[in-house]
Amino acid sequence: MGVTDPAGPVMDRDEVDRALARLGAEHEAIETSLLALQDHAGRRLLEGAELTGVTKERWASTEAAITLLWAYFDAYSDALRTARQIRARRRWSSREDLVELTELLRGEPVTLAGSAAALANAPTLHGGPGRLSERYSLSALVDRMNELYASSLDMVVAADAVWSALPARIDLLAAELQRTRQLAHSVGVRPGEHPAGDDLERITRTLARLREQVISDPLAFWVPAQGSSAPGGGRPDTTVYDREARALEDVRREIDAVLTVRQDAEKRLVRLRDVLSRADRTLAEARTARGEVLAKIAATEVPVVSGPPTVLQEQLATAAEYRRHAQWHRLSPLLEELEQKAEEELLRARESLTAVTAPLAVRAELRGRLDAYKAKVARLGLAEDPELAELYERARRMLWSAPCDLRVAEQAVLRYQRAAAEALGGPDASAVPRQFGPQDSRGEP
């Protein structure tokens with residue numbers, strides 16, 4: 001309803017009746033809204049809560065506004081009641097009645113003490129020291145009540161929305177946290193012993209503090225909607241809750257990894273011991289073979305075979321100790337490192353054995369080549385050839401005697417090959433590779 005000029009013309013009976021009907025409808029709507037606000041669950045919670053921070057400040061102002069709202073409403077009701085009584089005096093109101101009604105309906109008939117603008121100071125209907133009374137028209141009073149109602153409802157709805165959303169979610173997360181703590185404890189994930197255990201303690205403290213803050217200061221966790229003027233426009237701020245929920249999920253994944261390590265640790269340790277044992281046996285075989293090579297092969301450089309690395313055995317013992325004490329967060333990376341190093345150690349041992357036994361392999365290859373040519377010569381009826389028999393016997397003595405000079409023996413085998421090739425009328429034996437080493441094994445007899 002727009003504000004009218006009280007100095008305007010006197011209202012007629014129809015205008016008065018229409019104005020009274022409109023003001024009556026507004027009165028009923030305002031009363032319904034005030035009663036709904038009075039019964040609002042959020043307002044009842046605010047009245048009984050021990051508030052802190054911004055909510056405490058806003059609720060003090062809102063309580064004053066609600067008190068003022070009822071004072072305004074009572075004054076509005078009194079003015080409306082007076083106007084209705086004047087109109088009810090006569091069926092056809094006199095001019096004096098119409099003048100009085102015009103003043104009531106278009107003028108400023110309501111006088112209230114204090115300023116409704118300073119809500120933080122909790123103005124009362126009786127005013128305070130140094131505060132002047134103010135006069136209102138009924139339409140201006142309705143506008144003021146609408147403003148106070150909107151701001152009061154906004155605060156109440158915001159607090160109720162936070163209380164409806166966050167505490168329940170925090171409680172659910174806390175219950176999940178408790179289950180996770182029990183599982184963590186069962187697998188040895190404890191504060192001070194495992195980072196995930198420390199994280200669980202921190203999440204527990206944060207959630208307890210968050211719940212306490214949400215209960216006492218819900219408006220600290222309210223984000224108003226941008227550009228919205230509707231009461232309660234906005235959403236609860238779940239930033240802290242969401243962060244802790246993600247942290248708990250990370251802890252759950254860590255505990256799952258710990259469970260996996262716990263379940264597989266013994267198998268992995270057994271496998272590690274087996275790999276390192278094979279590496280040790282291979283190195284032992286290489287050392288034995290080196291002695292044999294030094295005794296049987298002359299003029300050959302044989303690489304030294306190192307012993308098994310003690311650091312791997314020490315780390316393996318440390319891993320077993322971690323398993324006994326359920327220190328899974330330390331065991332997991334150590335097992336991964338040990339598995340890689342153990343495979344590398346086995347490969348090194350095999351390479352050492354291959355390098356050490358290479359001269360024996362060359363000797364075996366020369367022996368095989370010599371026997372292959374002898375069989376070929378015999379198959380073609382030249383076994384009784386004196387020159388071939390002498391060359392064969394000379395090469396055989398060199399290859400089956402100790403120590404064996406591989407370079408000299410190789411030359412003897414090549415001479416026999418060449419002579420056999422000439423006797424058989426085949427290609428020149430000089431085409432046979434004459435390089436000393438394992439490559440000779442590729443030579444064709």
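Computed from a prediction, not measured in an experiment: that's the story for all the values here.
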Self-check item: CA sep, side-chain torsions, deciding dist, call: Asp274, Arg271, salt bridge (charged side-chain N to carboxylate O under 4.0 Å, His left out)
Solution: CA-CA 5 Å; Asp274 178 64; Arg271 189 162 55 247; over 6 Å; no

Quiz item: Between Ser277 and Arg281, do the side chains contain an N or O donor and an N or O acceptor separated by less than 3.5 Å?
Solution: yes

Exercise. Please report the C-alpha distance between Glu345 and Arg348 in whole Å, then the side-chain angles of each, then the deciding distance to 0.1 Å, and finally whether the salt bridge (charged side-chain N to carboxylate O under 4.0 Å, His left out) criterion is met.
Key: CA-CA 5 Å; Glu345 177 61 19; Arg348 184 184 71 84; 2.6 Å; yes

Self-check item: Polar side-chain atom of Arg43 near backbone of Leu37 as donor-acceptor pair, under 3.5 Å
Solution: yes

Quiz item: Would one find more than 12 heavy atoms of other residues, nucleotides or ligands at under 6.0 Å from atom CD of Glu387?
Solution: no

Self-check item: Candidate pair Leu200 and Leu248, rule side chain to side chain contact (heavy atoms under 4.5 Å, CB included), full reasoning
Solution: CA-CA 7 Å; Leu200 286 175; Leu248 181 58; 3.8 Å; yes

Quiz item: Charged N to carboxylate O below 4.0 Å: is that the case for Glu344 and Lys341?
Solution: no

Practice problem: May I ask you to decide if Asp39's main-chain N or O and Arg44's side chain share a donor-acceptor pair within less than 3.5 Å? | Solution: yes

Self-check item: Full working for side chain to side chain donor-acceptor pair (under 3.5 Å) between Arg287 and Ser352
Solution: CA-CA 9 Å; Arg287 286 191 293 272; Ser352 294; over 6 Å; no

Practice problem: Report yes or no: does Asp199 contribute a side-chain atom to a donor-acceptor pair with the main-chain N or O of Val251 at less than 3.5 Å? | Solution: no

Self-check item: Parallel, tilted or perpendicular: rings of Tyr76 and His27 (30°, 60°)
Solution: parallel

Quiz prompt | salt bridge (charged side-chain N to carboxylate O under 4.0 Å, His left out): pairs with one or both residues in residues 210-226, sequence neighbours excluded | solution = Asp171-Arg211

Practice problem: State which residues pass salt bridge (charged side-chain N to carboxylate O under 4.0 Å, His left out) with Arg324; sequence neighbours excluded, sorted by chain then number. | Solution: Glu321

Quiz item: Does the side chain of Arg396 reach to within under 4.5 Å of the side chain of Asp371, using non-hydrogen atoms?
Solution: no

Exercise. Look at atom CD of Glu28 and say whether more than 12 heavy atoms of other residues, nucleotides or ligands are closer to it than 6.0 Å.
Key: no

Practice problem: Look at Arg253 together with Asp256 and state whether they make a salt bridge at an N to O cut-off of under 4.0 Å. | Solution: no

Practice problem: Determine whether Leu366 and Arg363 make a side-chain contact, defined as any pair of heavy atoms from C-beta on separated by less than 4.5 Å. | Solution: no

Quiz item: Do the charged groups of Lys56 and Glu50 touch, with an N to O distance under 4.0 Å?
Solution: no

Quiz item: Does NZ or CZ of Arg235 lie under 6.0 Å from the centre of the six-membered ring of Trp222, at an angle within 45° of the ring axis?
Solution: no

Quiz item: Between Arg394 and Glu390, is the closest basic N to carboxylate O distance under 4.0 Å?
Solution: yes

Quiz prompt | Candidates Leu269, Leu331, Leu272 - the one meeting side chain to side chain contact (heavy atoms under 4.5 Å, CB included) with Leu338 | solution = Leu272

Practice problem: Taking Ser61 for its side chain and Glu57 for its backbone only, find out whether a donor-acceptor pair lies under 3.5 Å. | Solution: no

Quiz item: Do Arg243 and Thr206 have side-chain atoms, one donor and one acceptor, less than 3.5 Å apart?
Solution: no

Quiz item: Salt-bridged, Arg252 to Glu249, with N to O below 4.0 Å?
Solution: yes

Exercise. Applying salt bridge (charged side-chain N to carboxylate O under 4.0 Å, His left out), name anything that partners Arg350, two or more places apart in sequence or on another chain.
Key: none

Practice problem: Give a yes or no answer on whether the side chain of Ser152 reaches the backbone of Tyr149 with a donor-acceptor pair at less than 3.5 Å. | Solution: no

Quiz item: In a check of side chain to side chain contact (heavy atoms under 4.5 Å, CB included) between Phe221 and each of Thr55, Thr239, Thr238, Leu166, which one passes?
Solution: Leu166

Exercise. Rounded to the nearest 0.5 Å, what's the gap from CG on Asn146 to CD1 on Ile30? Could you check?
Key: 6.0 Å

Self-check item: Whether Arg367 side chain and Leu399 backbone form a donor-acceptor pair below 3.5 Å
Solution: yes

